[in-house]
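Owing to the predicted nature of the structure, the values given are computational and were not obtained by experimental measurement. For the single chain, residues carry numbers from 1 onward in sequence order. Computed over heavy atoms, backbone and side chain alike; hydrogens, waters and symmetry mates excluded.
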Amino acid sequence: MARTKQEGRSSLTSSHESSPGLGSPYPWLRSPQSEEGGLQLIELLGECASHVTARCLHSVNTRLEHISYLASPKGTAIQRIASYFIEAFADRMLKGFTGLHKALNSTKISSVSEEILVQKLFYEHCPFLKFAYLITNQAIMEAMEGEKVVHIIDLYPVEPEQWIRLLQALSVRQEGAPHLKITGIHEQNEVLEKMDLQLKEEADRLSIPFQFNPIVSTIENLDIESLGIKTGEALAVISVLQLHSLLAVDEEVVRRNQQSLQQFLETDLNHLFIASASSSTTSELSLSASPKMESFLSSLRRFSPKLMVITEQEANHNGFTLIERVHNAMKFYAALFDCLDSTKSIAPIEQQKVEKMLFGEEIKNIVACDGAERKERHEKLEKWILWLELAGFSRVPFSYNGRVDASTMLQYYSDGYSFTEENGCLVIYWHEIPLFSVSAWSFR
């Protein structure tokens, strides 16, 4: 598979391996296959981002034309990344021309089956979600020891395997399996129906009393009262790559409030809050500046969850300035593209689907969108710790057994993967780049 994949790459990118200036009006462009050419491509992307910020249409058009000679969704990692960034730059510029933008997007079709396939491919070929699921299930087993009725709220159920493995673990629990209730929130009913069927089949096979409660909704529009939380249930809330969407705000309102917010920070006695706020130049959003996050956490707090496990991208893509977001996103997604390159089991067409439909769409949202439309507002672990502690939650340390199991699982993948324990939470790395964090919480 690895040899075929490489052969496919070389044939697809052979036009770039010769001088890109050959037959083009830009003989000064270097081959992106060389280190010099890669640096030139990065420099051109930075220049383009600056012109996009300035809304200089002519300059953006010129840079996009230059970069297009070098970029390719089927080339090297930097070529592939560049192809998605220039698409995002173009999309952002076209938003200023409402008619053009609507016309170019009028026939877009979103296939639920394709989205599910891409998420499945990412789950199978990269260890990040498996790592999070393994750690989460271990934390649930430990937190729910002795409980008779367990209610898990999954804010975005995608992979049934996570809960199938939990059912299997509960079936051999010394005190017997609890009555397990899982509430799944997803905007696609098809996903919930398939999960419902698979989990009920497994629960029946294991003779575990089980109930699945499907809720068709996004996390932003979720009605907490619809979760069906009852007195006597031991509650666990699981969020995998979802909470950051609640940070979507009207940046203009936040900018107007920055002065009063800073005055509040200067007089507030919470030194942790001050230290965290002062460490970031552009991402100074507090709970009061993120009303959806504040409302959501406050609503959950009313039910005193015994456990909440949060998995998030370990990146800062929530800055006000486009330049900062582009710089941080290029570094983050370069590592993810590199991860896929190291995966010998994934076919080239599958890799391209993951990069286009998953990573590419995230890049477009980070770069091309603003205000409430920008959902991919990834934040660093230090900020999540701040928000959760201010909302009244305390960190729950992960057990030694959970960390050992996670370490064993990573050994089946490339040796480029590792994880560290930071502030009682776990951060998974690709070489020296932190990519995802997992943290556990309980209401204090």
Side-chain angles (χ1 to χ4, degrees), residues 45-46 48-55 60 81 84-98 100-102 104-105 108 110 115 155-156 187 217-222 239-258 261 280-297 310-333 336 355-381 383-384 387 435-436:
L45 287 167
C48 192
S50 297
H51 292 306
V52 170
T53 299
R55 303 293 301 176
V60 171
I81 291 168
Y84 295 112
F85 271 93
I86 61 174
E87 183 178 346
F89 289 150
D91 192 71
R92 184 179 180 89
M93 292 300 292
L94 280 175
K95 285 179 184 293
F97 302 90
T98 310
L100 284 174
H101 190 262
K102 285 186 176 180
L104 287 174
N105 290 277
K108 271 195 172 182
S110 178
E115 291 175 4
L155 297 180
Y156 194 73
E187 65 269 28
S217 175
T218 62
I219 185 174
E220 299 97 320
N221 299 320
L222 178 64
S239 173
V240 179
L241 311 182
Q242 291 303 301
L243 280 191
H244 61 258
S245 64
L246 294 178
L247 298 174
V249 294
D250 185 340
E251 278 102 340
E252 289 303 320
V253 172
V254 174
R255 285 189 180 96
R256 290 195 297 269
N257 290 338
Q258 283 302 297
L261 175 61
S280 174
T281 58
T282 60
S283 209
E284 298 174 331
L285 301 179
S286 70
L287 277 171
S288 61
S290 305
K292 289 183 180 179
M293 180 69 72
E294 181 183 21
S295 175
F296 182 77
L297 294 179
I310 298 171
T311 301
E312 280 290 334
Q313 290 89 343
E314 181 61 4
N316 177 15
H317 299 149
N318 195 24
F320 282 142
T321 68
L322 176 64
I323 299 297
E324 181 190 12
R325 297 205 304 272
V326 168
H327 173 78
N328 291 338
M330 284 182 64
K331 183 178 180 180
F332 180 82
Y333 287 99
L336 283 179
E355 291 177 349
K356 177 176 177 58
M357 297 181 64
L358 190 60
F359 303 159
E361 288 303 308
E362 290 179 2
I363 290 170
K364 185 182 292 185
N365 190 263
I366 292 167
V367 173
C369 299
D370 285 314
E373 188 183 8
R374 180 154 56 87
K375 307 295 185 183
E376 302 299 337
R377 292 173 173 267
H378 311 145
E379 287 279 10
K380 291 278 193 176
L381 176 61
K383 193 62 68 68
W384 289 110
W387 279 319
L435 292 178
F436 295 89

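Residue Y333 holds its OH atom at 3.5 Å from CD1 of I366, rounded to the nearest 0.5 Å. One finds the CZ atom of R374 at 8.5 Å from the SG atom of C369 (value rounded to the nearest 0.5 Å). The CD atom of E187 sits 12.0 Å away from atom CG of L222, with the distance rounded to the nearest 0.5 Å. Taken from CD1 in I323 to CG in N328, the straight-line distance is 11.5 Å, to the nearest 0.5 Å. Note: E220 CD to M293 CE = 10.5 Å, rounded to the nearest 0.5 Å. From I219, atom CD1 reaches atom CG of L246 across 4.0 Å, with rounding to the nearest 0.5 Å.
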Take Y84 and K364, measure what side-chain contact (heavy atoms from CB on, under 4.5 Å) needs, and give me the verdict at the end.
CA-CA 7 Å; Y84 295 112; K364 185 182 292 185; over 6 Å; no

Apply side-chain contact (heavy atoms from CB on, under 4.5 Å) to the pair L243 and W387, showing each step before the final yes or no.
CA-CA 11 Å; L243 280 191; W387 279 319; over 6 Å; no

Given R377 and H317, is the side-chain contact (heavy atoms from CB on, under 4.5 Å) satisfied, shown in steps?
CA-CA 5 Å; R377 292 173 173 267; H317 299 149; over 6 Å; no

Would you check, one step at a time, whether the test side-chain contact (heavy atoms from CB on, under 4.5 Å) holds for E115 with E361?
CA-CA 11 Å; E115 291 175 4; E361 288 303 308; over 6 Å; no

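Under 4.0 Å is where a charged nitrogen must lie from a carboxylate oxygen, and between E312 and K383 no such pair does.
Distance alone, capped at 3.5 Å, is enough to place a donor-acceptor pair between the S245 side chain and the Q242 backbone. When atom types are taken as modelled, the side chain of N221 and the backbone of S217 share no donor-acceptor pair closer than 3.5 angstrom.
Counting heavy-atom neighbours within 6.0 Å of K95 NZ, excluding the residue itself, gives a total above 12. For H327, the NE2 atom sits in a loose shell: 12 or fewer heavy atoms of surrounding residues, nucleotides or ligands are nearer than 6.0 Å.
Between F85 and F89, the two ring planes are tilted [angle within 30° to 60°]. Aromatic ring orientation, H378 versus H244: perpendicular (interplanar angle above 60°, classes split at 30° and 60°).
In plain terms, the two heavy atoms of L322 and A49 that are nearest each other are CD2-O, 4.0 Å. Taking every heavy atom of both residues into account, L381 and E314 meet most closely at N-OE1, 2.8 Å. Contact between A248 and A372 at its shortest, heavy atoms only, is CB-O, 3.8 Å. The two residues K375 and N365 have their closest heavy-atom pair at N-OD1, 2.8 Å.
Side-chain contact between R325 and V367 is absent, with no heavy-atom pair separated by less than 4.5 Å. When side chains are defined from C-beta on, V240 does not count as touching L155, because their heavy atoms never get closer than 4.5 Å. Counting heavy atoms from C-beta outward, L336 and L435 have side chains that approach closer than 4.5 Å. Residues L104 and D91 form no side-chain contact, since every pair of their non-hydrogen atoms from C-beta on lies 4.5 Å or further apart.
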